[in-house]
Every structure is written in C-alpha cells, then in structure tokens.
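Presented below is the structure to which this report refers.
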Amino acid sequence: MPQFIVRKSITLVEDIFHDGGQVATVPRRRAAAVAIVSNPFAGRYVEDLQPAMEDLKPLGLRMTDNLVGALGGDTSLIDGYGKGVIVGSAGELEHGALWHVPGGYAMRERLGEALAIVPSAKKVGGFGARIDIPIGHKNAAYVRSHFDAMEIGVPDGPRPDELLLCLVMTCGPRIHARMGGLAASDIKAFDGLR
C-alpha cells in the first residue's frame with residue numbers, strides 16, 4: 001500500500017468585501033485546504049497507479065472537513081468548488097491524476113447534493129510553484145457567476161518527491177458578478193450542466 005505521508009497542511013480563508021465596486025453586506029468567502037504529501041511513485045514509472053486513489057480518500061475527507069469548518073460549518077452555504085495538484089519534479093503528471101477521485105468525491109460526499117463536475121488543474125512544478133485552482137458552481141457547470149480561480153502555492157514545496165494537493169470551496173458568486181447567463185437560482189436540470 002503506497003504511503004502518502006503529510007509533511008504540511010494549510011487552510012486559507014479569504015473574505016472578499018468588494019472588487020472595486022460597492023462593499024457587500026455579506027462578503028464572498030473562498031477557502032483552500034492544502035496538503036503537501038510524499039509521492040511514493042516519484043523517480044520511477046509504475047504502470048498501475050489507480051489502486052493508490054483509495055489510499056488518498058481519507059486525506060480528501062479530512063481536507064474537506066477542514067474546509068467546511070473554515071467556511072463556518074454550514075454546507076448549505078457552500079456552492080462552489082475546485083481541486084488541483086502540483087507534482088514535484090521527480091514525479092509525472094499522471095501522479096497528479098491520483099487526486100481526481102479522492103479530492104472530488106470527498107467534497108461531493110460532504111456537501112450532499114453536488115452534481116457538477118469538480119473543475120480541476122494539475123501540473124509538474126518545483127519549490128514555490130503556484131497553480132490556479134479553477135472554481136465552478138457545485139450543481140451546474142454553466143453558472144457564470146461562480147467561474148473563478150484561486151491561486152495556491154507554498155514557498156517550500158513541493159519537493160521533488162512530493163505532491164501538493166489542494167481543495168477549494170466557496171460561498172456565493174464573485175462579489176460583483178454581472179455577466180449574465182444561468183443564475184444559480186434558475187438551475188433546473190439535475191445533470192450537473194444547467
């Protein structure tokens with residue numbers, strides 16, 4: 001069984017009051033949970049990686065629980081999400097794909113109704129590399145007001161033999177969203193699109 005040993009975890013919360021316009025009565029909240037873990041596959045090629053996704057599921061749930069707590073504990077207020085990975089330089093991009101199931105399904109499980117695909121990004125990078133974690137509405141991919149990204153990075157990671165795993169959740173649309181399209185209040189279908 002692969003070992004994904006956590007070296008460091010970080011939880012970051014942003015309260016956004018305005019973005020040049022009028023100050024909002026209720027700020028928009030964005031939160032990120034980051035874990036820097038050892039990459040048991042670094043430096044070698046392994047054909048069958050899929051079983052290792054199971055080993056990451058408890059970490060995905062723990063990170064999700066941290067995010068829910070950081071956002072106040074009320075999952076009914078959380079309406080956006082995204083995930084991402086930075087693979088250290090001794091790893092390969094496919095090692096980042098290990099996070100798809102454990103990260104995405106952990107958020108879906110804890111949020112209950114969450115029908116839309118979890119937007120995702122991954123890349124290989126070195127110390128201090130940064131990544132934009134894409135964000136979308138949890139129930140409909142076409143809700144423009146929730147299209148966003150949160151830039152994440154850690155100065156001392158990932159090391160070459162590590163993975164930087166990240167989950168992001170949000171409460172509410174962009175603070176001054178006004179680009180039209182499908183409104184969250186108008187979501188009708190339950191296919192995760194509209």
Enter the distance from H137:NE2 to I187:CD1 here, rounded to the nearest 0.5 Å. 4.0 Å
Check G88 against V124 and note the closest heavy-atom contact, atom names and distance. O-CG1, 4.0 Å
Nearest 0.5 Å, please: how far is OG1 in T170 from CD1 in I78? 8.5 Å
To the nearest 0.5 angstrom, please state how far the CG atom of L12 sits from the CZ atom of R30. 9.0 Å
Side chains of residues 159-168: which donor-acceptor partners sit under 3.5 Å, not counting sequence neighbours?
{"from": "E162", "atom 1": "OE1", "to": "R7", "atom 2": "NH2", "distance (Å)": "3.1"}
{"from": "E162", "atom 1": "OE1", "to": "R159", "atom 2": "N", "distance (Å)": "2.8"}
{"from": "E162", "atom 1": "OE2", "to": "R7", "atom 2": "NE", "distance (Å)": "2.6"}

To the nearest 0.5 Å, atom CG of D148 lies from atom CD1 of I133 at 11.5 Å
Between L93 and K122, is there a side-chain heavy-atom distance shorter than 4.5 Å? yes
Tell me, do F4 and L98 make a side-chain contact under 4.5 Å, heavy atoms counted? yes
For atom CD of E94, is the number of surrounding heavy atoms from other residues, nucleotides or ligands below 6.0 Å larger than 12? no
Exceeds 12 heavy-atom contacts within 6.0 angstrom, atom CD1 of I117: no
For G96 and V85, which heavy atoms make the closest approach, and how far apart are they? O-CG2, 3.4 Å
What's the spacing between R29 CZ and I16 CD1 if we round to 0.5 Å? 10.5 Å
Quick one, T75 and K138 - any side-chain contact, counting heavy atoms below 4.5 Å? no
Would the distance check show the side chain of K83 and the main-chain N or O of V118 forming a donor-acceptor pair, the cut-off being under 3.5 Å? yes
Listing, residues 171-183 side-chain donor-acceptor contacts under 3.5 Å, not counting sequence neighbours, or none:
{"from": "R174", "atom 1": "NH1", "to": "R144", "atom 2": "O", "distance (Å)": "2.6"}
{"from": "R174", "atom 1": "NH1", "to": "S145", "atom 2": "O", "distance (Å)": "3.3"}
{"from": "R174", "atom 1": "NH1", "to": "F147", "atom 2": "O", "distance (Å)": "3.0"}
{"from": "H176", "atom 1": "NE2", "to": "D19", "atom 2": "N", "distance (Å)": "2.9"}
{"from": "H176", "atom 1": "NE2", "to": "G21", "atom 2": "N", "distance (Å)": "3.2"}
{"from": "R178", "atom 1": "NH1", "to": "H176", "atom 2": "O", "distance (Å)": "2.8"}

Closest heavy-atom pair and its distance - E54, P58: O-CD, 3.6 Å
Partners of R130 by salt bridge (Lys or Arg N to Asp or Glu O under 4.0 Å), sequence neighbours excluded? E151
Results of ring pair (Phe, Tyr, Trp, His ring centres under 6.0 Å) for F41 - residues two or more places apart only: H95
Check whether any side-chain heavy atom of Y81 lies under 4.5 Å from a side-chain heavy atom of P119, and answer yes or no. yes
Side-chain heavy atoms nearer than 4.5 Å, only ILVMFWY residues, links allowed to pass through others: does that put V37 and V34 together? no
In the hydrophobic clustering (ILVMFWY, side-chain contacts below 4.5 Å, transitive), which residues join F17, or is it alone? V23
Of all the heavy-atom pairs spanning D132 and A121, show the shortest one and how long it is. O-CB, 3.7 Å
Residues 101-113 side chain polar contacts: donor-acceptor under 3.5 Å, at least two apart:
{"from": "R108", "atom 1": "NH1", "to": "A114", "atom 2": "O", "distance (Å)": "2.8"}
{"from": "R108", "atom 1": "NH1", "to": "A116", "atom 2": "O", "distance (Å)": "3.4"}
{"from": "R108", "atom 1": "NH2", "to": "A116", "atom 2": "O", "distance (Å)": "2.9"}
{"from": "R110", "atom 1": "NE", "to": "D65", "atom 2": "OD1", "distance (Å)": "2.6"}
{"from": "R110", "atom 1": "NH2", "to": "D65", "atom 2": "OD2", "distance (Å)": "3.2"}
{"from": "E113", "atom 1": "OE2", "to": "N139", "atom 2": "ND2", "distance (Å)": "3.3"}

Under 4.5 Å between side-chain heavy atoms, hopping through other hydrophobics if needed: is there a path connecting V46 to V87? yes
Mind running side chain to side chain contact (heavy atoms under 4.5 Å, CB included) on V6 and M63 for me, showing each step along the way? CA-CA 12 Å; V6 178; M63 290 170 67; over 6 Å; no
Can you tell me how far the CG atom of L71 sits from the OG1 atom of T11, to the nearest 0.5 Å? 10.0 Å
Can you name the closest pair of heavy atoms from L67 and M169 and give their distance? CD1-CG, 3.8 Å
